Amino acid sequence: MYDLTPLNIALAAMLVFINGIISVSLKLNLEKQLLLASLRTIVQLLLIGLILEWIFELSWWPMIALLMFAMTLIASTTAVQRSHRRFPGIWLNSIVAVFVSSWLVTGFALTVIIPPQSWSDNPAQYLIPLLGMILGNTLNGISLGLDRLSEELVTRRAEVELRLTLGATRNEAAREALQNAVRSGMTPIINSMMVVGLVSLPGLMTGQILAGASPFESVKYQIVIMFLIASGTALGTVISVLMGYRCLFNSKHQFLFDKITRTG
């Protein structure tokens, strides 16, 4: 595999600089965000690269678990920060949904799909990359699902309250909002699965090919990863949306609209 130099990275960064010029020319006001995102990308990836090298060499379970907890907690909070509307309990909803979905799917992958004897010598090399890929997509699904749920309930307030007034249960009144929220959270991963291999070559597959692995072997790994990501995204989205629904409707089948607030 070709070793990239700082010059190679700087040349790639020039492409983002072009994006900044486009933003200034069209008055999009995105140049500051592009600069901040670029700097964070460099710093965060360099730091995680150093940390992972150390953890891979150490292969110490407490440190592996600590990093996994930190990654999951960051993903949970990021999912809520992207939501335009919030309500009491949304942070806990996101944390539970991310933890349950990502850890359950990762655990299934490393105990059923990939035999434990294959990764027991260096668990961090399997656990952390797998969890990271699942977390990245799961948080997107949860964020979109929670945002769509609150948006649907706000725009459909009159309809929901009318149904409740006419004797509908909270489940019947909010059913369409729940369906649309889950559908919104799962749409991106479904779209990705529809065009993978035709339009896009995912990062894992591309990285393995660049590292010299057989394309066919890389494809097999990518198929497994896509299914794991889809499962984690679906499970996380459903859990977060259902927990959000329970926060906004009480046991007396009342819609607690006043709990929904819009962020700045």
Side-chain angles (χ1 to χ4, degrees), residues 45 48 52 55-56 59 61 64-79 82 93-146 181-211 213-243:
L45 288 178
I48 195 62
L52 287 180
I55 291 178
F56 286 178
S59 193
W61 271 108
I64 297 172
L66 180 62
L67 179 58
M68 291 172 64
F69 269 102
M71 292 168 61
T72 308
L73 192 59
I74 292 172
S76 305
T77 56
T78 302
R82 293 181 180 180
N93 293 359
S94 180
I95 291 173
V96 171
V98 171
F99 264 94
V100 172
S101 59
S102 60
W103 285 56
L104 185 62
V105 173
T106 302
F108 178 82
L110 293 180
T111 55
V112 178
I113 300 175
I114 302 175
Q117 60 267 24
S118 301
W119 54 269
S120 57
D121 291 338
N122 193 354
Q125 188 174 353
Y126 287 82
L127 274 169
I128 295 174
L130 272 177
L131 180 65
M133 285 184 284
I134 295 171
L135 283 174
N137 289 272
T138 300
L139 80 86
N140 286 332
I142 291 174
S143 178
L144 290 171
L146 288 174
V182 174
R183 188 179 294 114
S184 177
M186 293 178 61
T187 296
I189 184 60
I190 292 175
N191 289 342
S192 296
M193 294 174 71
M194 293 292 287
V195 299
V196 65
L198 297 176
V199 176
S200 65
L201 294 180
L204 173 67
M205 177 181 169
T206 303
Q208 286 187 317
I209 293 175
L210 290 176
S214 164
F216 190 72
E217 288 297 319
S218 301
V219 165
K220 289 192 291 184
Y221 269 94
Q222 189 60 57
I223 291 173
V224 171
I225 294 300
M226 292 300 293
F227 289 159
L228 293 176
I229 289 173
S231 176
T233 301
L235 184 59
T237 302
V238 170
I239 292 174
S240 62
V241 168
L242 289 180
M243 290 185 68

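These figures come from a predicted structure and were not determined experimentally.
Contact record, Ala230 with Met193: CB-SD, 3.6 Å, taken as the closest heavy-atom pair. The two residues Gly232 and Ser101 have their closest heavy-atom pair at O-CB, 3.5 Å. Across Ser231 and Val105, no two heavy atoms sit closer than the pair OG-CG2, 3.8 Å. Nearest approach of Gly185 to Thr237, heavy atoms of both residues: CA-CG2, 4.0 Å. What you find for Ser184 and Pro188 is that their closest heavy atoms are O-CD, 3.4 Å.
Of the inter-residue distances, the one linking Gln125 atom CD with Ile64 atom CD1 reads 11.0 Å to the nearest 0.5 angstrom. Residue Ile142 holds its CD1 atom at 8.5 Å from CG of Leu235, rounded to the nearest 0.5 Å. Distance check: Leu67 CG to Ile128 CD1 gives 4.5 Å after rounding to the nearest 0.5 Å. To the nearest 0.5 angstrom, Met226 atom CE is 10.0 Å from Ile223 atom CD1. Distance CG/Leu139 to OG/Ser240: 11.0 Å, rounded to 0.5 Å. Within the model, atoms CZ of Phe99 and CG of Leu135 stand 9.0 Å from one another, a figure rounded to the nearest 0.5 Å.
Applying the side-chain hydrogen bond (donor to acceptor under 3.5 Å, both in side chains) definition to pairs two or more places apart or across chains, those involving residues 64-78 are Thr72-Trp103. Note on residues 131-144: pairs passing side-chain hydrogen bond (donor to acceptor under 3.5 Å, both in side chains), not counting sequence neighbours, are Arg82-Asn140.
Remark: Phe227 pairs with no residue by the ring pair (Phe, Tyr, Trp, His ring centres under 6.0 Å) rule, at least two apart or across chains.
Shown are Ile189, Leu228, Ile190; of these, the side-chain contact (heavy atoms from CB on, under 4.5 Å) with Thr233 is made only by Ile189.
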